[in-house]
Amino acid sequence: MNSKKLWIGFILVMVISFGILGYFGREIYRQAPPIPEKVVLPDGTVLFTSADIKDGQNVWQSMGGQEVGTIWGHGAYKAPDWTADWLHKEALFILDTWSLAEFSQSYDDLQDEKQALLQKRLQNELRKNTYDKASQSLVVSKVRAEAIKSNSAHYSGLFMNDPDLAHLREAYAIPANSIKDEDRMDKMNAFFFWASWATVTERPGKDITFTNNWPPEKLVGNEPTGSLLLWTGFSVIILLFGVGLLGWYYATNREEDTNPDIPKVNPLSGTQLTPSMKATLKYFWVVTALILVQIFMGVVTAHYGVEGLGFYGLPLADFLPYSISRTWHIQLAIFWIATSWLATGLFIAPAISGKEPKFQRFGVNFLFIALLIIVVGSLAGQWMGVMQKLGLVENFWFGHQGYEYVDLGRFWQIFLLVGLVLWLFLMGRAIWPALQAKNENRHLLTMFLISSIAIAAFYAAGLMWGRQTHLAIAEYWRWWVVHLWVEGFFEVFATVAIAFLFVRMQLIQTKIATSSVLFSTIIFLSGGIIGTFHHLYFTGTPTAVLALGATFSALEVVPLVLMGFEAYHNIRMSRAKEWVAAYKWPIYFFVSVAFWNFLGAGIFGFLINPPIALYYMQGLNTTPVHGHTALFGVYGMLGIGLMLFVLRDMDLNAVWKGKTIRNAFWMMNIGLLLMVVLSVLPVGLAQTVASVKHGLWYARSAEFLESPTLETIRWLRAIGDTIFAIGALYLGWFVFGLKTGWSVKK
C-alpha cells in the first residue's frame, strides 16, 4: 500500500481517537459520583465529611490499595471486593433489622413473600439518590446509619486486631494491625461506604447506578441493564465484521514480505559495536536478575492464595505481606520488560545511523544508574508505605500510591518520567543522522522516533491525578498509563524495533517492512486507543463509555486472530539461510509472542471484554488469566526475544549452546500455559458461575474460595509455576553464561 495513504490513515486514527478519548474523559469528570461535603442523618447529625472520605481513600492506598482486594472490581483477587462486600453486608443488616422488628424472625427464616416485600423496600431505600446538590449533603436513614456502624466495626476488627476475625484475616492474607491507628480506620470505613454507595445509588434522572448497576447483587436490584446486553451483542458483530474485513485485505493485498535476495552470509558479521552499544549489556544482566526476583515474588504471592499469612510455615507476612509481594511482582514485571525494550532501542539507534554521538556512552551509563535508583527506591518506599511507616502525604510522594501497575510514589513517577525523556534524547540524537539522509528507511525511522516520543510522553498521564483526586478520574488516567503506554505505544515501538532487526539482517525489504509496520499500527490503534474504555465500564462512568469501550475493544481483538500467519512467517524466516539459524531462539520467542497474542490477548482478552461478561467477571480470576498470558506471554516473551537478539548481535562469532536456552523457552511457555489451564482459569470460571447465581460478594468470599475443591485447584497451580520457574532459571543461567563462557561452545 502507498506510504502516503498509510501516513494519512495513521494521523486520522490518532486525531479522531484521542479526540473521542478526551471528550468522554471530560464527561467522566462531569458525571463522576459526587463526594458529599458531609453525610448526615435526617436530624442533621454528621456521620463523616468529604475530608474523611478523601483521607480514607489515602489510608486505603497506603496499606496497598488495589493490591489488597478490589474497589469497583479493580485490584487484587485475594480478599473481597470491598464495595461488593460492604454492600451485601449493609443490605443484610437492614433486612434483618426490619425482619426482626416486624416479624420477630431473621430475614433468612421468612417466607418468600415476606422476603420479597422487604427486598423491594430495601431497593427503594438504597437506590434512591438522597444527595442534595445545593447543600452537597448526603442524607442517610437511621437504619442505614446503624448498618454503617455495624460494617465499620467489622472492618475495623478485620484490618486491626479482632481475635474473632483471625481466620478471616488469614483467608484474605491481611496481617493483623495492617491499619494501626483507629482514626485512620474510621476514615477508611468512610471511603468504603462512599465507594459502595456509588454502586447502588441511581444517577439523577436515571434508573441505573453510578457504576451501571455493578456489582451483581439481586438483593438491591443490581442486575444487568438493557444497554449492557445491547452493546455486548454489537461488540460481537463488530468483531466478526472486523475479522472478515481484515481477512479479505490480508488475502488480497499482502505482499511477500521476505527478501527474495537474502544474503548467503550474515550482513551484520562485519558490524563494529560502538561504546554505547556495548554499554547496554549491563541492562540485560539487570533484566535477567529482575525476571528471577519477579518470578520469586510471584511464587510467594501465589502461595499466599493457599496459606494466607505464611510461606510453608514461615510467618513471612510479618515483614513481607501479600500486598507487598504482589506489588513487587507486578512492578518488577513492568520494570524489566520496559528496561529490555529501552535497552534494545539504545543498542539499535547507533547501528541505524552508523554514528556514535558524543558522550552517548556516558548518557547510557547515567540512565542505567538512574533506573537502578528508581527500582530500588520505589520498592523500598512501597514497603515503608504498606508497613504504615509514612504519613499520608509522605506516602503519596515516596511510598505506595495504591493503584495497580502505577503503585510507585509520585516522586519516583517523576524520576522515571525524567529518565524516559533522557532515553528519548539519547535515541533521537543517535538516529537523527539517519533521518537526515532521507533514504528508503526514512518512513520506518520516523515511526521509530514517533513511538519513542510516545513512550516518553504517555507515561506523563500518570501525573494527571493528585493525592485526593476522585477515584473515577484517577482510574481514567491510570488506564492511560496501563493501556495506552504499556499495551499501546510500547507495542508499536516493539513492532518497529523487530522490523528494523529483520531489515538490518536483510531478511525483509525496507519498503515492505515500512508498509507492514504502518498498517499494523493503524489497525492496532484503531481499536486500542478508544478501547481503553473497556476498563472503565463500572468505574463511575456514563453509559456512552460502555458503548464505546465495547465496540472498540472488540476491534482490538481483530488483528490478533491472524497471529498464526505471523508465527508461520517468523518460523519460516528462521530457516531462510543457514546463518539465520544463529538467531533461532530469539526468533522463536517472537513466535511465542504471536501464540500468546492470539490466546492471551485475543481469546482470553475477549473472554472478559464484552460488557455482559465483564459484569459478572470483573474482579475474578478470569482477569489474571488474561493478565498473565498477555503481560508475560506477549510483552514478557517479546522483551526476552529482543534481549536475545541484542545479545546475539553483540558477539556474532560465538556459537551458543542450544540446550539451555531451548529448555528455557519450552519450560517457560509450557509452564505459563499449565499455570493458567490447570488452576487460574478453572478458579475464575467457578467464580463466574457463583457470581451469576449469588453475586460478586459470594464469588470473592472466603466461604466459597476456601471450599476443598477450589483449594485443590489452587494447589494445582504449583505444577505450572514450578515448570515456569525452572525455565526462568535456565534463562538466567544462559544469559549470565554468555559472559562466563558456559553458554558458548569453545
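Below, each value reflects all heavy atoms present in this structure, side chains not excepted, and no hydrogens, waters or symmetry copies.
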Worksheet entry | Test of ring centre spacing under 6.0 Å for Trp485 and Tyr459 | yes
Item to complete: Give me the ring orientation class for Tyr476 and Trp480: parallel if the planes are under 30° apart, tilted from 30 to 60°, perpendicular past 60°.
Response: perpendicular
Worksheet item: Between Arg714 and Leu705, is there a donor-acceptor pair closer than 3.5 Å when you use the side chain of the first and the backbone of the second?
Response: yes
Discussion item. Tell me which one of Gln388, Gln57, His400 satisfies side-chain hydrogen bond (donor to acceptor under 3.5 Å, both in side chains) with Ser62.
Written reply: Gln388
Worksheet item: Shortest non-hydrogen contact from Gly221 to Asn213?
Response: O-ND2, 4.2 Å
Worksheet item: Do you know which two heavy atoms are closest between Thr199 and Ala195, and how far apart they sit?
Response: CG2-O, 3.3 Å
Practice prompt. Could you check if a side-chain atom of Trp86 sits within less than 4.5 angstrom of a side-chain atom of Ile148, using non-hydrogen atoms only?
Written response: yes
Extract all donor-acceptor atom pairs below 3.5 Å that involve side chains of residues 676-693 and protein atoms in other chains or at least two apart in sequence.
residue	atom	partner	partner atom	Å
Ser679	OG	Ile713	O	2.9
Gln687	OE1	Asn621	N	2.9
Gln687	OE1	Asn621	ND2	2.8
Gln687	NE2	Ala699	O	2.8
Thr688	OG1	Gly684	O	2.8
Ser691	OG	Tyr616	O	3.0

Item to complete: Starting from the C-alpha separation in whole Å, work towards a yes-or-no answer on side chain to side chain contact (heavy atoms under 4.5 Å, CB included) for Gln401 and Leu408.
Response: CA-CA 6 Å; Gln401 283 205 51; Leu408 63 169; over 6 Å; no
Item to complete: Quick one: sort the His535 and Trp479 rings into parallel, tilted or perpendicular, breaks at 30° and 60°.
Response: parallel
Item to complete: Determine, stepwise, if the pair Glu146 / Lys149 fulfils salt bridge (Lys or Arg N to Asp or Glu O under 4.0 Å).
Response: CA-CA 5 Å; Glu146 292 172 357; Lys149 183 178 179 180; over 6 Å; no
Discussion item. Check the orientation of Tyr403 and Trp465. Use parallel for under 30°, tilted for 30 to 60°, and perpendicular for over 60°.
Written reply: perpendicular
Practice prompt. Determine, using ring centers only, whether Tyr312 and His303 are less than 6.0 Å apart.
Written response: yes
Worksheet item: Hey, does Trp697 have a side-chain heavy atom less than 4.5 Å from the side chain of Lys89?
Response: no
Fill in: Side chain to side chain, Asn212 and Tyr615, heavy atoms closer than 4.5 Å
no
Practice prompt. Using ring pair (Phe, Tyr, Trp, His ring centres under 6.0 Å) as the criterion, point out the one residue from Tyr131, Trp197, Phe538 that pairs with Phe210.
Written response: Trp197
Discussion item. Do Val139 and Asp132 have side chains that approach each other closer than 4.5 Å (heavy atoms only, starting at C-beta)?
Written reply: no
Discussion item. Which heavy atom of Trp336 sits nearest to which heavy atom of Gln294, and what is that distance?
Written reply: NE1-OE1, 3.0 Å
Practice prompt. Decide yes or no on side chain to side chain contact (heavy atoms under 4.5 Å, CB included) for Leu158 and Asp162, but give the supporting numbers first.
Written response: CA-CA 6 Å; Leu158 178 66; Asp162 184 345; over 6 Å; no
Discussion item. Check the orientation of Phe415 and Phe411. Use parallel for under 30°, tilted for 30 to 60°, and perpendicular for over 60°.
Written reply: perpendicular
Worksheet item: Any side-chain heavy atom of Leu219 sitting closer than 4.5 Å to one from Leu87?
Response: no
Worksheet item: Trp72 pairs by ring pair (Phe, Tyr, Trp, His ring centres under 6.0 Å) with which of Trp82, Trp194, Trp214?
Response: Trp194
Show me the donor-acceptor pairs within less than 3.5 Å that the side chains of residues 315-323 make with the rest of the protein, sequence neighbours left out.
none

Worksheet, complete the sentence: Given the options Glu67, Gln331, Gln66, Arg326 meets side-chain hydrogen bond (donor to acceptor under 3.5 Å, both in side chains) only with Glu67
Worksheet item: Does a sphere of radius 6.0 Å around CZ in Phe704 hold more than 12 heavy atoms from other residues, nucleotides or ligands, not counting ones at 6.0 Å or beyond?
Response: yes
